[in-house]
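Every value quoted in this text rests on a predicted model; they were computed, and no experiment measured them. Each chain gets a letter, A, B and so on, in the order its sequence line appears, and its residues count up from 1.
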There are 2 protein chains.
Amino acid sequence: MERNRRKKLNDKLYALRSVVPNITKMDKASIIKDAIDYIKQLQEQEKVMLAEISELDSLKEEKVSSIGDLDFDDLHFMQRKKKRTAQGSSSSAGSPSSPPIEVLELRVSEMGEKTMVVSITCNKKRDTMIKLCEVFESLNLKVLTANITSVSGSLLHTLFIETDEMGSAQVKEKIEAAIADLDSPRSPISSLSF
Amino acid sequence: MERNRRKKLNDKLYALRSVVPNITKMDKASIIKDAIDYIKQLQEQEKVMLAEISELDSLKEEKVSSIGDLDFDDLHFMQRKKKRTAQGSSSSAGSPSSPPIEVLELRVSEMGEKTMVVSITCNKKRDTMIKLCEVFESLNLKVLTANITSVSGSLLHTLFIETDEMGSAQVKEKIEAAIADLDSPRSPISSLSF
DNA sequence: GCCAACACGTGACCC
DNA sequence: TGGGTCACGTGTTGG
């Protein structure tokens, strides 16, 4: 009986050896050692591949969203790929790697004939400042003066702009649209229009 | 002596058990069995992941070759495809179609323990504001408050930043470098980024 | 008392 | 001859 048990155990061991490549020695102990090393190797490889996959996957996401509607994200891809120029702020709008901006409050009020005051409060995440600047620049409103204050996670923007023949409501709409566009860049065109 | 051999073998076996999750029984034979199953599982997973990676990779390749490798036709194709390309002042930093920013004056002075005042004056061209914002954000200095005033072609930036363990000279250098980097995009890809 | 799993000592075999 | 490995039979423990 003991003979049978040993046989089974040996069979298992041979089976183990059969699934492990790079067998150095038929040595019983070496078989197990090789198996251990192999497992560790596989586990590390798994980690690496997993990381790579998720990376490529996120890249793919960008693509997919752009492919149907065309390639805006290719820009990011290119920029990111070239990179090696320091981690620079991932540049412009819509980049999925930078968090969406969260607008807490948006007020637009007329001040005089052609000037109005825009007041935006939002949570300060990475690149928020850039995005807001892009928004203003993309709308190419004439910015007379702007004030940015970041306090404890919030970013307060106050700017005096000059517009011709536009109501405050209209401006507000535009700004809202531009910001929304930034977060979900469904339309590559407007996103490209900076 | 034989005792020692057996001990070593057992140690190997326990080591094997330690690298294998999902151990059902401490049973010697079961350890090997579980190890075998685990290895097979890992191997299959490896195949799957490898396939997935190569798939994603090929997708990436497409993009890279079509863009990173200077494929003008593709660029044109893209532009034409999306037609109505919008007059857009092109995207963010380093874009050749937006004029370089011209810094007229740059002053950095320490205000207190960790805060300093950065004062930048430059000609206001298109996208200047964005670029400046990117510069600050890329240096990720903590911006306490910032004031932007544009008057007759000039753009006055004054910001209070918080730094730790950096002299004003150092900060100034950094800012200058970042701006220079912005103007002379060393990477050819950025030239292609519309 | 049976079965299973284990550790142990021993003889056989091979560089 | 000795260091290394192996298979075998046996004693012991625990379910």
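- With sequence neighbours excluded, the residues forming a salt bridge (charged side-chain N to carboxylate O under 4.0 Å, His left out) with E105(A) are R107(A), listed by chain and number.
- A donor-acceptor contact closer than 3.5 angstrom is absent between the side chains of T145(B) and N147(B).
- The OG atom of S154(B) sits 9.5 Å away from the CD atom of E102(B) when rounded to the nearest 0.5 Å.
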Under 3.5 Å, which donor-acceptor pairs do the side chains of residues 19-31 of chain A form with other protein atoms, sequence neighbours left out?
from   : atom 1 : to     : atom 2 : distance (Å)
T24(A) : OG1    : D34(A) : OD2    : 3.1
D27(A) : OD2    : S30(A) : OG     : 3.4
K28(A) : NZ     : N10(A) : OD1    : 3.1

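- Counted by atom type alone, Y38(A) and Q43(B) present one or more donor-acceptor pairs between their side chains at under 3.5 Å.
- Here chain A contacts DNA chain C (any atom closer than 4.0 Å to a heavy atom, that is under 4.0 Å), and the contacts span dA5(C) to dA7(C) from 5' to 3'.
- Within the 4.5 Å cutoff, side-chain heavy atoms of V118(B) are placed close to those of I175(B).
- In this structure, CD1 in I53(A) is found 4.0 Å from CD in E52(B), a value given to the nearest 0.5 Å.
- A distance of 9.0 Å separates CZ of R17(B) from CG of L13(B), quoted to the nearest 0.5 Å.
- Residue pairs meeting the salt bridge (Lys or Arg N to Asp or Glu O under 4.0 Å) criterion with at least one member in residues 3-16 of chain B, sequence neighbours excluded, are E2(B)-R5(B), E2(B)-R6(B), K7(B)-D11(B).
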Identify each atom pair where a protein N or O and an N or O of nucleotides 12-14 of chain D are less than 3.5 Å apart, giving names and distance.
none

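- Within residues 2-17 of chain B, the residues approaching DNA chain D are E2(B), R5(B), by heavy-atom distance under 4.0 Å.
- Rounding to the nearest 0.5 angstrom, the gap separating the OG1 atom in T149(B) from the CZ atom in F160(A) is 10.5 Å.
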